[in-house]
Amino acid sequence: MKQKIKNLIIDAITCAYEKGDFSEKSVPEIEVEVPKITSHGDFSTNIAMVTASVQKMPPRKIAETILKYIKDPDRILAKTQIAGPGFINFFINTLSWHSVLRKIHQEDVVYGASNIGNGKKIQVEFVSSNPTGPLHVGHGRGAAVGDSVANILRFCGYDVQKEYYINDSGRQIDTLGKSVYLRYRELMEENIQFPDECYQGDYIRDYAKEIIALKGKALLDQDEEQSIFFCARFAAERIIKDIRKDLMDFGIEFDNWFSEQSLYDTGKVNAVIEDFKEKNIIYEKDGALWFKTTNFGDEKDRVVVRKNGQTTYFASDIAYHMDKFERGFHRVIDVWGADHHGYIPRVTGAIEASGQSRDRFNVILVQLVNLLREQVPVAMSTRAGEFVTLNEVVQEVGRDAARFIFLTRHHESPLDFDLELAKKKTNDNPVFYVQYVHARISSISRKSRERGLYELEWNETAVLMLQEPEEINLIKAMIRYPEVVEDSAKYMEPHRITFYLMDLASSFHAYYNKHRVLSDDPLLSKGRLYLVLAVQKVIRNGLSLLGVSAPDRM
RNA sequence: GCGCCCGUAGCUCAGUGGAUAGAGCGUCAGCCUCCGGAGCUGGAAGUCGCUGGUUCGAGCCCAGCCGGGCGUACCA
């Protein structure tokens, strides 16, 4: 619809130029928007004001000229007007609105989809939590955001891969092994001083117990280093298995699990370092190897190989991101916790250094989650090993509520997550508010079958009965949906869909409360049923992009 | 110190250059003979942190300041 308006304007300007009424032919990007105030029309454009300086004419005069030349072959316009400093307002024929209902029913599960991605390969990497402990609520938010962004991009025509990067190498894995090993010895009734730098959580003891069940005392009889290595591998594998299960319970499945260790095994980390040395962007200082990230906008250079010969996490990260591009991804998106934001310039630098354009790489930063219960913060301290896991939250409030609430804020804005609120079944809880629309329409649908009114065929006379303001309002809301999806893909902001759904739900509840769908008038009933079933489809489509179910009964 | 993010109604937040700044919660006043009341309608509530600038037009862009969070490792 918006595009149709744009075309009318472009044609009018071209025509005015040809007739000599405009001195300038070029047309800037035309912006057509839906005014906030209904009396300003269904659509409006600021084109007259924007081109005033170019055309050397007053805005209102330009607006008049455009209107003079506007043609409307499909008769979609009911009225036009010039308002304020030079806005052109368009009022659309109600008839033109109704055709979208047919479109929604025809397109069904793909209504709102587009092909702006044009089949380009794009990767979304998210969660990528270290395999040193279970996922906590913060990871849950990153998971919800990453998964939803990936879904949205896929819906917009990208060829999307969801990837999890496993940091199964380096110091933290050693620490994990040491932690489990020490708990193991402790359980063997040795007096152990458990160090602060080791992982404190109870789950470490659980793994130690499992090892005892499996191996008995065997680990005490062998070389300590060997035992720690065994504990590390055992625990890491168990943790990854648990993480995978927690994510499954959260409704998230990855296309690929990528091992950091594999980058060392295939020699890719060393290869990158050698390559950068040749390019003269890695140098030696104080016994360490430094990558000149300052060449690429970072505030200081970064170490890739430490004095003791060990590579840093950054070194494998360079190799990892190069590998992503080698795998043919046109764009690469990382979802990180906001506390890692200082890391962006160096990774961007690495990407540029390896010959890729920096705008093919995007980072979505996800802010922290404050877990509350009845408005009171739930105490959490990772250091003491006290944290609420994602799984506990999902068990308590359910997958749908958790996922939806994670997406009720802009991802860069901190989020208060109230466990009690998430369980409430009132309109305080946005999840139920939206899902309730779907269930309610399912109920109407069932009722309509009982009464023999159910029909999904396009029936123009029935649909044209829809003239109530609340009905037009619903139709207009649904017309907006494809654009909302496109914008949330463009800006990688799933919360736009969440807000849209809450808005659509509100319009529906208002309509439902005021007008009966199924009445004594069969034709009107059919028209209204056709309308609400369209609403149901849009709600269901939107929820599925968020990874939330659309129940028929609640 | 420097860098990034945030500052919008009592609270939690939408709003990435348009006209009279919105929603939920809370508050006040109402709505069930009826398709699911897990719902709806209406009112009150604002110096968009402050000060300048850019332009036809700024909550949005730019500069400076104030307040909060995070980062600033040869940790991840």
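Note that these values count all heavy atoms, side chains included, but never hydrogens, waters or copies made by symmetry. The chains referred to below are lettered A, B, ... by the order of the sequence lines, with proteins before strands, and numbering in each begins at 1.
Within 4.0 Å of V50(A), counting heavy atoms only, lies at least one base atom of the nucleic acid. Residue K447(A) is classed as a sugar-phosphate contact, given heavy-atom separations below 4.0 Å to backbone atoms only. Residue S413(A) is classed as a sugar-phosphate contact, given heavy-atom separations below 4.0 Å to backbone atoms only. Residue-level contact check: N46(A) touches the bases, meaning some heavy atom is under 4.0 Å from a base atom. Residue-level contact check: K514(A) touches neither bases nor backbone, having no heavy atom under 4.0 Å from any strand. Across all strands, P414(A) comes closer than 4.0 Å only to sugar-phosphate atoms, never to a base (heavy-atom distances). N89(A) comes within contact range of at least one nucleobase, with a heavy-atom separation under 4.0 Å. E31(A) comes within 4.0 angstrom of no nucleic acid atom, judged by non-hydrogen atoms across all strands. Across all strands shown, H410(A) has heavy atoms under 4.0 Å from sugar-phosphate atoms exclusively, and none from any base. Residue contacts shown for H411(A) are absent, as no nucleic acid heavy atom lies under 4.0 Å away.
Taking the six-membered ring for Trp, Y320(A) and Y165(A) have ring centres closer than 6.0 Å.
Residue order along RNA chain B, read from the 5' end via each residue's closest nucleotide, puts R409(A) first among R409(A) and S443(A). In this structure, R446(A) and A288(A) both approach RNA chain B, and ranking their closest nucleotides by distance from the 5' end singles out R446(A).
For rC32(B), the base is syn relative to its sugar; the glycosidic angle is within 90° of 0.
For the contact set between residues 497-509 of chain A and RNA chain B, defined by any heavy atom under 4.0 Å, the members are F499(A), H509(A). Less than 4.0 Å separates RNA chain B from at least one heavy atom of each of the following residues of residues 167-175 of chain A: R171(A), Q172(A).
In this model, the phosphate group of rG15(B) is approached by a side-chain N or O of H495(A) to a distance below 4.0 Å at OP1 or OP2. The side chain of K36(A) contributes an N or O atom lying less than 4.0 Å from OP1 or OP2 of rA19(B). The side chain of Y343(A) contributes no N or O atom lying less than 4.0 Å from OP1 or OP2 of rC75(B). Not one side-chain nitrogen or oxygen of R306(A) sits closer than 4.0 Å to the OP1 or OP2 atom of rA73(B).
We find that OH of Y512(A) is positioned 12 Å from P of rG39(B), with the value rounded to whole Å. Atoms CG (D298(A)) and P (rC2(B)) sit 18 Å apart, rounded to a whole Å.
Comparing the P positions of rG17(B) and rC6(B) gives a spacing of 15 Å, expressed to the nearest Å. Taking atom C1' in both rC61(B) and rG43(B), one finds a spacing of 37 Å when rounded to whole Å. A gap of 10 Å separates the P atoms of rG59(B) and rG18(B), to the nearest Å. The P atoms of rA9(B) and rC66(B) are separated by 22 Å, rounded to the nearest whole Å. Nucleotides rG7(B) and rG68(B) have their C1' atoms positioned 8 Å apart, rounded to a whole Å.
F296(A) and G349(A) get closest at one heavy-atom pair: CB-CA, 3.5 Å.
Legend: residues meeting side-chain hydrogen bond (donor to acceptor under 3.5 Å, both in side chains) with S525(A), ordered by chain and number and at least two apart, are S519(A).
Checking E197(A) against T175(A) by side-chain atom types alone, no donor-acceptor pair falls below 3.5 Å. Side-chain atoms of N130(A) and Q172(A) form a donor-acceptor pair, as typed in the model, at a separation below 3.5 Å. Side-chain polar atoms of R528(A) and Y511(A) form a donor-acceptor pair below 3.5 angstrom.
Helical stems involving RNA chain B, defined as 3 or more consecutive Watson-Crick or G-U pairs under 3.5 Å, span B:1-5 with B:68-72, B:10-13 with B:22-25, B:27-31 with B:39-43, B:49-53 with B:61-65.
Environment of CG in N308(A): crowded, with over 12 heavy atoms of neighbouring residues, nucleotides or ligands closer than 6.0 Å.
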Per-nucleotide protein contact string for nucleotides 27-34 of chain B, where B marks a base within reach and S marks sugar-phosphate only (heavy atoms under 4.0 Å, - for neither) = -------B
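For residues 34-67 of chain A, there are no ring-ring contact (aromatic ring centres under 6.0 Å, His included) pairs, not counting sequence neighbours.
Ring stacking holds between F87(A) and rA19(B), with the centres under 5.5 Å apart and the planes within 30 degrees of each other.
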Passes side-chain hydrogen bond (donor to acceptor under 3.5 Å, both in side chains), Y500(A) versus S488(A)? Steps please.
-> CA-CA 11 Å; Y500(A) 171 81; S488(A) 58; over 6 Å; no
